[in-house]
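Quick note: numbers below take in every heavy atom, side chains included, and nothing from hydrogens, waters or symmetry partners. Counting starts at 1 for both ligands and their atoms, in listed order.
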Amino acid sequence: MIDCGLFQGDKELRLRNWNPLPVPPSSIQWLVLTHAHLDHVGYIPRLVKDGYHGKILATSATVDLAKLTLPDSGHLQEEDAAYANKIRSTKHSPALPLYTMEEAVKSLESFQAIDDSKSTDLSSHFSLRFFGAGHILGARSIEVTIRENGSTCTVLFSGDLGRYHQLIIREPSVPEAADYLLCESTYGDRLHPQDDYQARLAKIVETTASRGGSVVIPAFAIGRTQELLYVFRELIEQGEMHSVPVHVDSPMAIDVTDIYRRHHEDDNLDTAILESHGGKPFSPPNVHFDRTVQESKALNNLNIPSIIISASGMATGGRVLHHLAQRLPDHRNTILFVGFQGAGTRGRAIQSGAKFVKIYGTQVPIRAQIESIENLSGHADYGEILTWLGRRIKTAPRQTFITHGEPGPAQALREKITQQLKWNARVPAYLEKVTL
Ligand SMILES: [Zn+2]
């Protein structure tokens with residue numbers, strides 16, 4: 001099994017988390033992970049609870065990150081169930097969490113970091129090779145080699161693909177060939193703008209500060225927060241931006257930043273920069289890491305222009321909701337989106353120009369300036385995906401399956417791959433079975 005994530009976004013998708021798996025968890029022998037985002041690992045505690053007892057293999061950075069994300073996810077599941085019971089908004093009484101924090105912690109015992117610099121034999125039939133995916137720390141594409149009845153077949157799982165020319169993480173790499181390919185398509189219908197996003201970022205902060213407002217950035221705790229901290233430090237040090245206070249209001253993002261400081265195996269950073277900052281490239285001059293609830297609440301009284309980076313990245317939960325509820329109604333503030341906003345999320349609604357958004361049961365008016373910077377995305381656009389595919393794979397895979405995208409982007413990428421690379425590509429249906 002490659003990846004074991006939670007469905008996120010629309011309710012119809014989220015309800016799928018409650019469907020039984022198409023195979024009994026106890027029948028699965030190995031689980032291998034591309035990276036630690038919840039849409040790739042968030043179902044693991046339930047899988048273990050329901051009878052999976054094999055190892056869970058991943059890079060050491062992914063293991064470290066999952067140690068943070070899974071217990072936190074269990075905690076959120078418990079909170080959501082408790083809230084549903086309190087307001088009796090559920091037909092199931094009582095509402096139950098998909099898994100608890102305790103069950104999430106227990107599932108971590110099955111994790112095992114592997115040396116991804118060489119091929120790993122799982123058995124005489126299966127072996128694995130990992131390729132840097134450039135998406136977040138520890139992210140890999142996975143090539144599975146299957147040997148059976150004297151013949152060999154390779155299946156390449158792209159995982160989530162990152163961008164080329166990034167600040168922190170090395171760009172994605174790819175093997176020379178694959179018999180079958182599963183390729184993500186998050187941005188399958190879009191190209192990221194080529195503009196100087198750092199200058200735009202500085203301008204957004206300066207303009208907002210000049211009218212006495214603050215910039216609230218809903219940011220994914222893994223990856224985007226660290227990149228923002230890195231860029232703000234550079235902009236301030238180079239005199240491109242005033243040294244406004246930067247608050248990181250997310251215990252998860254703070255812990256993840258520590259992991260980024262510890263793991264250097266995926267680094268694309270200039271080591272001279274690292275050293276001149278005492279190994280702290282993620283600390284702008286006026287940075288505050290607000291870990292406690294008291295520190296977070298104190299931000300409500302912050303009257304000087306500031307930058308508040310807080311999770312979750314699509315404003316579906318977490319501390320950022322408090323900041324949005326407080327700062328959305330004031331036209332002086334700016335809400336800045338720096339990552340993909342899934343359909344059905346609050347983030348997508350705000351980004352799409354809604355006049356009100358519901359937070360904690362209240363309709364909050366949206367008067368703040370709304371901005372989006374796509375260049376900071378952790379996902380390759382279709383041009384970069386085609387580069388990734390075409391750069392080294394010279395022979396068309398027998399079949400390419402387009403996954404991990406909403407229907408529009410998935411079909412758009414399928415057409416691009418069919419037309420430009422002349423490969424056989426299609427979008428599989430949910431729960432479809434394919435014989436290789
Ligand atoms: Zn991801």
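- His135 lies close to the Zn ion (ligand 1), since one of its N, O or S atoms is found at a distance under 2.8 Å.
- When distances from the Zn ion (ligand 1) to the N, O or S atoms of His37 are compared, ND1 comes out shortest.
- None of the N, O or S atoms belonging to His40 lies under 2.8 Å away from the Zn ion (ligand 1).
- The nearest N, O or S atom of Asp39 is not closer to the Zn ion (ligand 1) than 2.8 Å.
- Judged purely by distance below 3.5 Å, without hydrogens or angles, the side chains of Ser110 and His53 never pair a donor atom with an acceptor atom.
- Asp160 has its closest N, O or S atom to the Zn ion (ligand 1) at the position named OD2.
- There is no side-chain donor-acceptor pair under 3.5 Å between Arg348 and Gln351.
- With hydrogens and angles left out, the side-chain atoms of Arg262 and Ser60 include no donor and acceptor closer than 3.5 Å.
- Salt-bridge annotation for Arg140 and Asp266: present, with a side-chain N of the basic residue lying under 4.0 Å from a carboxylate O of the acidic one.
- A donor and an acceptor atom, one from each side chain of Glu79 and His75, are located under 3.5 Å apart.
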